[in-house]
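In what follows, chains are A, B, ... by sequence order, proteins preceding strands, each numbered from 1. In what follows, every heavy atom counts, from backbone to side chain, and hydrogens, waters and symmetry copies are set aside. Given the structure is predicted, the values throughout are model-derived calculations rather than measurements.
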Amino acid sequence: MPELPEVEAARRELEPVMHGARFERVLVRRPDLRRPFPRRFAARLSGRTVRALTRRGKYLLADLSSDETLLMHLGMSGSFRLDHSDPGPHDHVVFEMSSGTVVTFNDPRRFGVMDLVATLRLDAYPALRSMGLEPLGDDFDGAALARACARRRTPIKVALLDQRVVAGVGNIYASEALNLAGLSPRQRASSIATPGGAPKPAAYRLAAAIKRVLRSAIARQTAATYRQSRFRVYDREGEPCPTRGCAGTIVRLDQAGRSTFYCPVCQRAQTSIAVPTPRSRR
DNA sequence: ATTGAGACCTGTCGGC
DNA sequence: TGCCGACAGGTCTCAA
């Protein structure tokens, strides 16, 4: 489930019941997710008020009145539920909020994370410290993307999954954005930048495609209609490429152990890697 | 310093 | 029907 759009959708769902509310009771029904919970987890939350609920990449951040921040990551299979049903299997954490709502965290695979850190030291939190720009932020554009990709020799698809390059993009939307931008997932990340790190046109197209794909996914998530999302290429091996005028067929390929879906016709590696560019300075 | 492979954990789905 | 392997939208660590 959770890449940036899904996490943002969760944030928007939780915000009304958590923002300004107090943790009345915290139930930890299992001592660990991907990592053990921080010590005295429930006690440190109880009685605290949520001053703000924000998102950074795939993390949800609850700013607490105790000057600590609750970090939540959904991993591969995490989700929140707002109801009063009895806890079932894989319901690992239950928050009873003063707003009257019960927030239940469910995570079958337990790749999720819950952590507490002093808000003043939030920036030093390892996963956040090295995290790249927010793709929906104003400062993320072709130039920023090119800078982040310059000098990376991995395939561009693999680079997009690296949270240090762009925050919040995962396996689905990496494939989606590359298709929309008409870029091959196999070309080197550095191929969208000049040797000096300046953006090539592909960098602008890709940055715009990332924004567009994420925004439309958020809109779909937020829509009350719970219909299964339709993807351009993800999980569509053998189907026709959605690009207008393209007669290609989606293929699947393995990159760094993850599935990539793309159209070999309209996503041909543009530039054969080394396009000699005129003298450029660093 | 990068990069790839393996590990973590559980559920589901397709094939035999 | 039932079993078994392959695979799943994410990180983290380790070794080359």
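- Summarising the geometry, the separation between CG on A/Asn171 and P on C/dA8 is reported as 8 Å, rounded to the nearest angstrom.
- Rounded to a whole Å, the CZ atom of A/Arg56 is 17 Å from the P atom of C/dG10.
- Judged purely by atom type and a 3.5 angstrom limit, A/Arg236 uses its side chain to pair as donor or acceptor with the backbone of A/Phe231.
- Side chain of A/Arg153, nearest nucleotide from B/dT3, C/dT11, C/dG9: B/dT3.
- Contact between the side-chain N/O atoms of A/Arg109 and the OP1/OP2 oxygens of C/dG10 is not found at any separation under 4.0 Å.
- When distances are taken from the side chain of A/Glu3 to each of C/dG9, B/dT3, C/dT11, the shortest belongs to C/dG9.
- The P atoms of B/dG11 and C/dC12 are separated by 23 Å, rounded to the nearest whole Å.
- Across all their heavy atoms, A/Pro2 and A/Gly78 have their closest contact at CG-O, 4.3 Å.
- Of the P atoms belonging to C/dC7 and B/dA5, the separation is 15 Å, rounded to the nearest Å.
- As rounded to whole Å, 11 Å separates atom C1' of B/dC9 from atom CG of A/Leu33.
- Rounded to whole Å, atom C1' of B/dT3 lies 17 Å from atom CZ of A/Arg186.
- Regarding contacts with the backbone of C/dG10, every side-chain N or O of A/Gln163 stays at 4.0 angstrom or more from both OP1 and OP2.
- Between A/His90 and B/dC9 there is no side-chain polar atom (N or O) within less than 4.0 angstrom of OP1 or OP2.
- Rounded to a whole Å, the CG atom of A/Asp91 is 15 Å from the C1' atom of B/dT10.
- In this entry the distance linking CG of A/Leu161 with C1' of B/dT2 reads 16 Å, nearest Å.
- If you check every strand for non-hydrogen atoms under 4.0 Å, A/Gly257 touches nothing.
- Cluster annotation: A/Phe80 is connected to A/Val17 through the hydrophobic network of ILVMFWY side chains, with a link wherever side-chain heavy atoms come within less than 4.5 Å.
- Between A/Arg34 atom CZ and C/dG10 atom C1' there is a gap of 7 Å when expressed in whole angstrom units.
- You'll find that the side chain of A/Tyr59 is closest to C/dC12, out of C/dG10, B/dT3, C/dC12.
- Taking atom P in both C/dT11 and B/dA1, the straight-line distance is 23 Å, to the nearest Å.
- Once the 5.5 Å centre distance and the 30° plane angle are applied, the aromatic ring of A/Phe111 is found not to be stacked with the base of C/dT11.
- Using a 4.0 Å heavy-atom criterion, one finds that A/Arg110 contacts the sugar-phosphate atoms exclusively.
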Intermediate values then yes/no, salt bridge (charged side-chain N to carboxylate O under 4.0 Å, His left out), A/Arg30 and A/Asp32: CA-CA 6 Å; A/Arg30 201 196 151 108; A/Asp32 61 316; 3.4 Å; yes
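- Taking the P atom of each, C/dA6 and B/dG6 are spaced 14 Å apart, rounded to whole Å.
- Residue-level contact check: A/Arg252 touches the backbone only, with heavy atoms under 4.0 Å from sugar-phosphate atoms and none from bases.
- Remark: C/dA16 base-pairs with B/dT2. Criterion, Watson-Crick or G-U wobble with two distances under 3.5 Å.
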Trace of the salt bridge (charged side-chain N to carboxylate O under 4.0 Å, His left out) decision for A/Glu3 with A/Lys58: CA-CA 6 Å; A/Glu3 296 185 29; A/Lys58 298 172 192 168; 5.8 Å; no
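- Whole-Å rounding puts the A/Leu160 CG to C/dG9 C1' distance at 15 Å.
- Relative to the side chain of A/Arg30, the nucleotides C/dG9, B/dT10, B/dG4 differ in distance, and B/dT10 lies closest.
- The side chain of A/Ser77 contributes no N or O atom lying less than 4.0 Å from OP1 or OP2 of C/dG10.
- For A/Pro108, whose side chain is taken as the heavy atoms from C-beta onward, the closest listed nucleotide among B/dG11, C/dG9, B/dT3 is B/dG11.
- Partner of A/Glu68 under the salt bridge (Lys or Arg N to Asp or Glu O under 4.0 Å) criterion, chosen from A/Arg44, A/Arg40, A/Arg121: A/Arg44.
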